[in-house]
Number of protein chains: 2
Amino acid sequence: MELLLLSNSTLPGEAYFAWPKPHVQPFLTGKRRIAFVPFAAVDEQQDAYVERMSDLFGEWNCETIGLHRESDPVKTLSTCDAVAIGGGNSFLLIRSLYRSGLMRALQPLVKEGMPYLGWSAGSNVACPTIMTTNDMPIVEAPSLKALNLIPFQINPHFTEATIAGHGGESRSQRIAEYLAMHPHMPVVGLREGSLLHVHKDQMELIGKDMTIFRRGSEPEVITAGTKLRIDLRPLAPAH
Amino acid sequence: MELLLLSNSTLPGEAYFAWPKPHVQPFLTGKRRIAFVPFAAVDEQQDAYVERMSDLFGEWNCETIGLHRESDPVKTLSTCDAVAIGGGNSFLLIRSLYRSGLMRALQPLVKEGMPYLGWSAGSNVACPTIMTTNDMPIVEAPSLKALNLIPFQINPHFTEATIAGHGGESRSQRIAEYLAMHPHMPVVGLREGSLLHVHKDQMELIGKDMTIFRRGSEPEVITAGTKLRIDLRPLAPAH
């Protein structure tokens with residue numbers, strides 16, 4: 001498996017997709033046809049979303065195929081060399097993944113080696129479920145179960161910051177509630193400007209420190225640049 | 001119908017339930033038995049939640065019945081004089097409302113006059129759906145459809161504030177996404193420290209200004225103290 005799972009596309013004040021570019025370029029270069037899934041955007045914005053990504057991926061001589069206009073998106077996906085799933089709303093995204101048949105089709109293709117790029121909602125759906133999304137549940141999805149490509153949950157856009165004088169739950173409180181209901185599933189808080197690069201059964205954290213939350217343990221901070229196993233255990237020391 | 005729909009229970013830095021007390025006291029006084037629904041809390045915290053509300057409502061000589069321990073919560077509800085649904089996680093809450101049969105039982109009782117007090121998640125479930133919650137979807141609910149006591153959606157804990165330097169969607173962006181998918185349903189942004197007091201087909205906004213979001217219109221700010229119809233139209237002018 002080759003996954004590039006980004007917390008977010010763009011940092012405030014920067015050009016669109018500026019921070020991920022140096023990491024996405026080597027990941028996509030040489031892939032001729034990129035299947036792009038714009039389903040996390042509301043319908044009326046999907047064409048523009050595909051166009052935006054087409055401009056970007058075009059810089060690396062990749063052709064971008066927006067799967068939302070395809071009469072048989074599963075068949076079109078199978079003709080592509082990589083898949084990219086954009087951010088937006090995770091509930092919109094997962095609903096369309098189920099409706100289009102892509103949910104069922106994607107998992108084996110990616111497990112067998114199709115490179116998978118996701119950001120924000122596109123990273124949420126790489127997890128066992130979308131239960132650690134920050135998004136508003138603006139539509140009913142048939143299930144919160146997702147692609148299950150990795151054995152942990154990602155909380156993208158992770159931050160400990162809260163709005164001053166505001167009483168809503170902090171991100172860590174929300175994750176603690178998730179853990180109370182799912183005590184055996186770890187949650188990774190992936191900060192904006194960070195990504196996990198999964199290569200087979202290992203992965204590398206790039207960008208900023210991340211925090212692993214586990215039920216009954218103190219949160220564990222992992223330093224940027226760390227390589228670890230896909231199950232979040234440390235790599236075995238070299239002998 | 002008699003509804004008291006609070007954005008939140010407690011303002012930062014204040015004692016628990018301090019701001020709503022002067023409004024909740026006249027609403028509950030004289031009601032002997034209050035059915036309290038603690039399902040928005042994770043299981044392990046539900047007993048403590050009932051105890052906390054029992055202490056509070058006890059000050060007004062109300063008896064608090066925690067429905068989570070009842071073998072037949074629907075039957076117990078029918079012996080009570082009012083219902084209170086506490087805040088926490090809206091997905092946990094709605095899942096248990098469906099499982100317990102309370103979802104089906106509550107609507108006719110409240111429509112026929114049982115006073116309904118809700119805060120945060122407890123206000124979300126008074127709406128047609130919980131699709132404008134801020135909560136993390138930590139469990140699967142059989143549906144996002146809710147009690148449909150009012151003909152609009154509430155976004156509790158509403159704020160325009162965002163976290164400085166953080167790229168996640170603002171609350172208004174999230175609501176705009178909801179409206180794009182549901183163009184005929186208005187959304188009310190109810191600020192912390194605010195409530196809607198519904199009495200039959202009218203209601204009064206108490207606390208702070210609120211914002212009504214409608215697809216294709218500029219947001220409309222309603223001043224605290226305004227009375228309006230339950231369908232959000234202005235009251236007919238007096239002749």
Side-chain angles (χ1 to χ4, degrees), chain A residues 7-14 40-45 87-92 95 120 129-145 153 155-169 171 173-182 187 191-193, chain B residues 7-14 40-45 87-92 95 120 129-145 153 155-169 171 173-182 187 191-193:
Chain A
S7 176
N8 64 322
S9 64
T10 310
L11 292 170
E14 294 193 356
V42 296
D43 296 1
E44 63 203 21
Q45 293 170 3
N89 183 286
S90 300
F91 294 87
L92 278 179
R95 184 175 74 157
S120 195
T129 71
I130 63 160
M131 290 182 187
T132 51
T133 177
N134 309 306
D135 296 334
M136 197 175 257
I138 62 173
V139 293
E140 294 261 4
S143 167
L144 301 180
K145 288 204 182 85
Q153 290 286 131
N155 176 247
H157 302 273
F158 176 72
T159 177
E160 285 103 356
T162 53
I163 295 171
H166 188 74
E169 292 89 350
R171 194 67 62 81
Q173 284 173 316
R174 294 170 191 271
I175 293 171
E177 286 180 353
Y178 171 84
L179 292 174
M181 301 308 295
H182 308 276
V187 179
R191 292 176 196 281
E192 295 184 345
Chain B
S7 176
N8 65 323
S9 65
T10 310
L11 292 170
E14 294 192 355
V42 297
D43 297 0
E44 63 203 22
Q45 293 169 5
N89 183 286
S90 300
F91 295 88
L92 278 178
R95 185 175 74 157
S120 194
T129 71
I130 63 161
M131 290 183 187
T132 51
T133 177
N134 309 305
D135 297 335
M136 196 174 258
I138 61 174
V139 293
E140 294 261 6
S143 168
L144 302 181
K145 288 204 182 84
Q153 290 286 131
N155 177 246
H157 302 272
F158 176 73
T159 178
E160 285 102 358
T162 54
I163 295 170
H166 187 74
E169 292 90 348
R171 194 66 61 80
Q173 284 173 316
R174 294 169 191 273
I175 292 171
E177 286 179 353
Y178 171 84
L179 292 175
M181 301 309 294
H182 308 275
V187 179
R191 291 178 195 280
E192 296 186 344

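In what follows, every chain begins at residue 1, and chains take the letters A, B, ... in the order their sequences are listed.
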Check your understanding: For the residue pair B/His182 and A/Val139, what are the closest heavy atoms and their distance?
Key -> NE2-CG1, 4.3 Å

Review point. Looking at A/Ser143, A/Ala141, A/Ala41, A/Ala180, which makes the most heavy-atom pairs under 4.5 Å with chain B?
Key: A/Ser143

Practice item. Quick one: pull up NE2 in A/His166 and OG1 in B/Thr162 and give me the separation to the nearest 0.5 Å. Key: 11.5 Å

Review point. What distance separates A/Met136 CE from B/Arg171 CZ, expressed to the nearest 0.5 Å?
Key: 6.0 Å

Check your understanding: Any idea which heavy atoms bring B/Gly165 and A/Pro12 closest together, and the distance?
Key -> O-CG, 3.3 Å

**Study point:** Considering all heavy atoms, the nearest A/Val42-B/Met181 contact
**Key:** CG1-SD, 4.1 Å

Check your understanding: Any donor-acceptor pair under 3.5 Å linking the side chain of B/Glu140 with the backbone of A/Leu144?
Key -> yes

Practice item. Check whether B/Arg191 gets within reach of chain A through its side chain, its backbone, both or neither, counting any heavy atom under 4.5 Å. Key: neither

Practice item. Measure B/Asn155 against the heavy atoms of chain A and call it side chain, backbone, both or neither at under 4.5 Å. Key: side chain

Revision key, fill the gap. dist B/Arg174:CZ -> A/Asn89:CG (nearest 0.5 Å) comes out at 8.5 Å

**Study point:** Heavy-atom contact with chain A under 4.5 Å, split by part of B/Gln153
**Key:** neither

Practice item. Side chain from CB out, backbone as N, CA, C, O: work out which of these in B/Leu92 comes under 4.5 Å of a heavy atom of chain A, or both, or neither. Key: side chain

Review point. Roughly how far, to the nearest 0.5 Å, is CD of B/Glu169 from CG of A/Asn134?
Key: 8.5 Å

Practice item. Measure B/Leu11 against the heavy atoms of chain A and call it side chain, backbone, both or neither at under 4.5 Å. Key: neither

Review point. Rounded to the nearest 0.5 Å, what separation is found between the CD1 atom of A/Ile138 and the CD atom of B/Glu177?
Key: 5.0 Å

Point to revise | Residue A/Gln45 versus chain B: region with a heavy atom under 4.5 Å | key: neither

Exercise for review: Counting only heavy atoms closer than 4.5 Å, note whether B/Pro137 contacts chain A via side chain, backbone, both or neither.
Suggested key: both

**Study point:** Pairs of heavy atoms under 4.5 Å with chain A: top-ranked of B/Leu179, B/Thr129, B/Ile175, B/Asp135
**Key:** B/Asp135

